[in-house]
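Reading through the structure tokens given below for one structure.
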Amino acid sequence: MDIRKEMNREKDIKRMKELMAPIDQQILMCDDRNDLLMMASAMMITAKNIFEDQIGVEGRIKMFKDFIK
């Protein structure tokens, strides 16, 4: 991998960690299994909606199908 791609990858990973910090905090605030499951369900719905808004329904379906191959 060339140095520019590696630098971009590291930058992307750092940004993802920054974006995940508030979610990690919310996870720590969950009191029990039910809270965690409710949060996970809400996150799945929100993630689905984000993907549909950004890449469309077909794009979202293709992306999820590609994950399970």
Side-chain angles (χ1 to χ4, degrees):
M1 185 178 294
D2 77 33
I3 192 71
R4 283 183 303 224
K5 285 183 182 179
E6 184 64 29
M7 288 173 55
N8 284 338
R9 184 173 183 274
E10 289 174 16
K11 182 179 172 186
D12 291 343
I13 290 169
K14 181 181 177 191
R15 182 65 178 142
M16 281 193 261
K17 287 180 181 180
E18 290 171 359
L19 292 170
M20 285 299 298
I23 295 169
D24 291 339
Q25 280 298 121
Q26 288 304 120
I27 291 169
L28 292 174
M29 291 180 66
C30 291
D31 292 331
D32 56 28
R33 181 175 183 254
N34 287 338
D35 281 358
L36 281 170
L37 292 173
M38 283 191 296
M39 184 172 173
S41 296
M43 289 170 59
M44 284 182 8
I45 292 166
T46 300
K48 178 189 80 71
N49 292 339
I50 291 169
F51 286 123
E52 286 181 1
D53 289 345
Q54 298 302 310
I55 61 176
V57 174
E58 270 92 47
R60 185 225 354 127
I61 291 169
K62 182 181 180 332
M63 183 191 66
F64 285 132
K65 283 183 179 178
D66 288 348
F67 280 146
I68 60 173
K69 286 183 180 179

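These numbers come from the heavy atoms of this one structure, side chains and all, not from hydrogens, waters or symmetry mates.
- A distance of 10.0 Å separates CE of M39 from CG of D35, quoted to the nearest 0.5 Å.
- Side-chain contact check for K17 versus I13: some heavy-atom pair is nearer than 4.5 Å.
- For the pair V57 and R60, the minimum side-chain heavy-atom distance is below 4.5 Å.
- Looking only at side-chain heavy atoms (C-beta outward), K11 and K14 stay at 4.5 Å or farther from each other.
- Qualifying side chain to side chain donor-acceptor pair (under 3.5 Å) partners for R33, counting only residues two or more places apart in sequence or in other chains: none.
- By the criterion of side-chain heavy atoms lying less than 4.5 angstrom apart, applied directly or through intervening Ile, Leu, Val, Met, Phe, Trp or Tyr residues, L36 is grouped together with M43 in one hydrophobic cluster.
- With sequence neighbours excluded, the residues forming a side chain to side chain contact (heavy atoms under 4.5 Å, CB included) with Q54 are I50, listed by chain and number.
- In this structure, N49 and T46 have side chains that are not in contact, with every pair of non-hydrogen atoms separated by 4.5 Å or more.
- The NZ atom of K48 sits 9.5 Å away from the CD1 atom of I61 when rounded to the nearest 0.5 Å.
- With hydrophobic clusters built from ILVMFWY side chains whose heavy atoms lie under 4.5 angstrom apart, M38 does not share a cluster with I27.
- In this structure, E58 does not pair ionically with K62, as no charged nitrogen and carboxylate oxygen lie closer than 4.0 Å.
- For E18, the salt bridge (charged side-chain N to carboxylate O under 4.0 Å, His left out) criterion is met by R15, not counting sequence neighbours.
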